[in-house]
Amino acid sequence: MTDADDQLPQTLDEARAESTRLTDLIVGARDAYYGRDAEIVDDQTYDGWMRRLEALERTFPEVQGQDSPTLSVGAAQGSMFAPVEHAERMLSLDNVFSTDELAEWCAKTQSAAGRAVRWLLELKIDGLAISLRYEHGVLVSAATRGDGRVGEDVTVNAAQVTGIPSRLAGSGHPPLVEVRGEVYIPVAAFDELNALQARLRERVIAGGLARGGGDEEKLTRSAARRFPAFANPRNAASGGLRQQLDKKNGMELEAGKARLASLRLLVHGIGAWPSPPVASQSEVYGVLAEWGLPTSPSFRTSDDIDGVSAFVGYYGEHRHDVEHEIDGVVVKVDDLALHDELGATSRAPRWAIAYKYPPEQVNTTLLDIVVSVGRTGRVTPFAVMAPARVAGSVVRQATLHNQEVVVAKGVLIGDTVVLRKAGDVIPEVLGPVVELRDGTERAFVMPTHCPECGALLAPAKEGDIDVRCPNTRACPAQVRGRVEHIGSRGALDIEALGEVTAAALTQPSVPAEPPLRTEAGLFELTLDELVPIEVVVRDAETGEPKLDDETGEPVKRAPFRRNPTTAEKKEGLTGPQPSAQALTLLEELEKAKTKELWRFLVALSIRHVGPVAARALAQWFGSIAAIRAAVRDELAAVEGVGGIIADSLIEWFAVDWHREIVERWERAGARMEIPGHPGPGAAVAAGGVLEGLTVVATGTLEGYTREGAQEAIIAAGGKAASSVSKKTDFVAAGPGAGSKLAKAEDLGVRIIDAAQFKILVEQGPAALDALAPDAG
DNA sequence: CACCCTCGAGTTCA
DNA sequence: CTCGAGGGTG
């Protein structure tokens, strides 16, 4: 007896094995119950299996197939559509998740067949399975899969779908044939559909405001409910086929029609067809095409395993070159006679298998929405999710940007949400799976007070969406964030001053005061101060302090000290010794004192002053003192600095404890000036081979680090921009270049490689042209 | 008033 | 790396 609350498997493979086992049990029991009127298990056991499977799928969303019983049961209940019994059971496919498993399956099937097998290879469309019943060439019903035996009647909508003929072409059609296929929305049409939803939302809001409907937030919420952004093409297709247009009107009708119009069909098989006139599946496709049914243009056949691997490999690389989303490849035995010989299990044929690519989108549970406080005090809500493996890594969190984005995405705490990696890197919550709600979900409410220090949160100025914690000086989150920022690469680049060290230096180290209450004392740290520091170890997932198993006391760690070695003890050293980390930190702080002026400016966390503005200011004024002494107009005269940044600087220097930071850093030996700089307004050292040119570096450029490439551009007198625009003159792209390369191609910006980049920054564009006059 | 650009934030991996 | 927000510039 398996209980839902038992220990869940630790690995994905175990989870997969168990979920397959449970699915077989559940489907078997359900088939027996519905199909043969036989009850093979009691209700309690059946419920137990379902709950266990649900628990598994919550923890390992990737094991949940499109045809999981947890989905079909929920969907079938409360359906407004009439049931339709399939003439031939609509089976699903068994899955494999690696090429090894696939090769194994092929070998096994080959030997079961007892003769040479021709493989039929096709793409597995991420859509909605449908069965079309034609009698004497006339469409009589269209049904979803349902539980495989009985589906939902969606004939009325299906008749409207592009590619579903009401009458088959040609003549001599069999009295009965069931055509199986996949209804989907092309990726491009999906994007348009979401754009339409967004326009309709805006229309609702604008209309409401014009009518004096007042409360914009309420209107936004209602608009998001009426015209939600669709999480993915499959959900949009599923809903599109199952909507009840006759009950809609006005804008909802418009949206519904657009949704229906975006649906497409591709057929990939037959259900009932008593005596097909051909001997292979690929020939079946020929017949279906003659009947006017849309077949996939991308299927292939292969007589050997190498062809199978090549097909899988090719589409692994070219997933996005197809007009629809694909989640894998289907490998079938082509010979129809072998289909009969090999037969089927209770839920899947033995003559076909689905190879699944690692999912780029998965479902997971939104456990909570919590907020974080950044170094500037900005409060950002982010999603806390059940761990989910997506595009090759496990994701637990994703930013939700601000309250409005939370509302616009329409997610509620407790929802099953669709998760992906934007650009294959950044986790992003796309939206909720509304169909899986059970009523226990609740809306996110933005906190009114800072979760770290309790201060009242407020927008920085009227009309801002972002709210901020005003407790700049003492809010632990802000101090920690600023100290960490000082150590970051874009600022003073202090090795050993990262997230963990910043936290250790600023959090109250039991039982004493934190060594740093603000960043002012950073350069005054001594070994004596560092060594005693103890930090409470927190659980990576929950953020709760870890407790010792025996004593129940919080576990502490002392990152800056170690026990003396035996050799040291012999020399009479008994007490704790400073750790390597402590020594590195102090060395690096010492080195940081003579870094470039602009780095200090960035390190001060002045609003709107990032590396670019800081460089311009540093170059113009030559010292922090000169910047501090400047008036608004003098600051705004600097290129790239306007009134707002000027105000921001003046406001910053007007604060006592801000000036104290600068003073104490200087007193500790920080050199906050450019040696030999002639004073404010000095002519910018012009010239250089790249003067007037804007260059963007992206990807890995051999011989340069990311910063090194930017330094090289600036050193040569060029502008190192961070994004590609039509003003960009060159894009230096190495392996791993992403969207910037694509954008450069789009805009026709000249693209160069690492070797050409080296020539460009050392000798200028002319040398590049002399070398390769036909490039670009 | 368009653009284009920078800032700031969260997140993961080599 | 990507996004939203908002500043700067022509």
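Reckoned from all heavy atoms, side chains included, excluding hydrogens, waters and symmetry mates. Naming convention: chains lettered A, B, ... in sequence-line order (proteins, then strands); numbering from 1 in each chain.
- Checking each of Arg468(A), His485(A), Gln478(A) against Thr376(A) for a side chain to side chain donor-acceptor pair (under 3.5 Å) leaves exactly one that passes, namely Arg468(A).
- Comparing dG4(C), dT6(B), dG7(C) against the side chain of Ile645(A) picks out dG7(C) as the nearest.
- Listed nucleotides: dC7(B), dG7(C), dG4(C). Nearest to the side chain of Ile644(A): dG7(C).
- Glu452(A) and Arg480(A) are joined by a salt bridge, as a carboxylate oxygen and a charged side-chain nitrogen come within less than 4.0 angstrom of each other.
- Remark: Thr399(A) is not in phosphate contact with dC3(C), judged by side-chain N or O atoms under 4.0 Å from OP1 or OP2.
- Among the candidates Asp647(A), Ile627(A), Ile645(A), the single residue satisfying the side-chain contact (heavy atoms from CB on, under 4.5 Å) test with Leu635(A) is Ile627(A).
- Note on Gln397(A): every side-chain N or O is 4.0 Å or more away from OP1 and OP2 of dG10(B).
- Separating the CG atom of Leu419(A) from the P atom of dT11(B) is a distance of 11 Å, rounded to the nearest angstrom.
- Rounding to whole angstrom units, CG of residue Leu635(A) and C1' of dG7(C) are separated by 16 Å.
- Within the 4.0 Å cut-off from OP1 or OP2 of dA9(B), at least one side-chain nitrogen or oxygen of Thr376(A) is found.
- Applying the 4.0 Å criterion to OP1 and OP2 of dA9(B), one finds that Arg375(A) has a side-chain N or O inside that range.
- With a 6.0 Å radius and a threshold of 12 heavy atoms from other residues, nucleotides or ligands, Lys758(A) has its NZ atom at or below the threshold.
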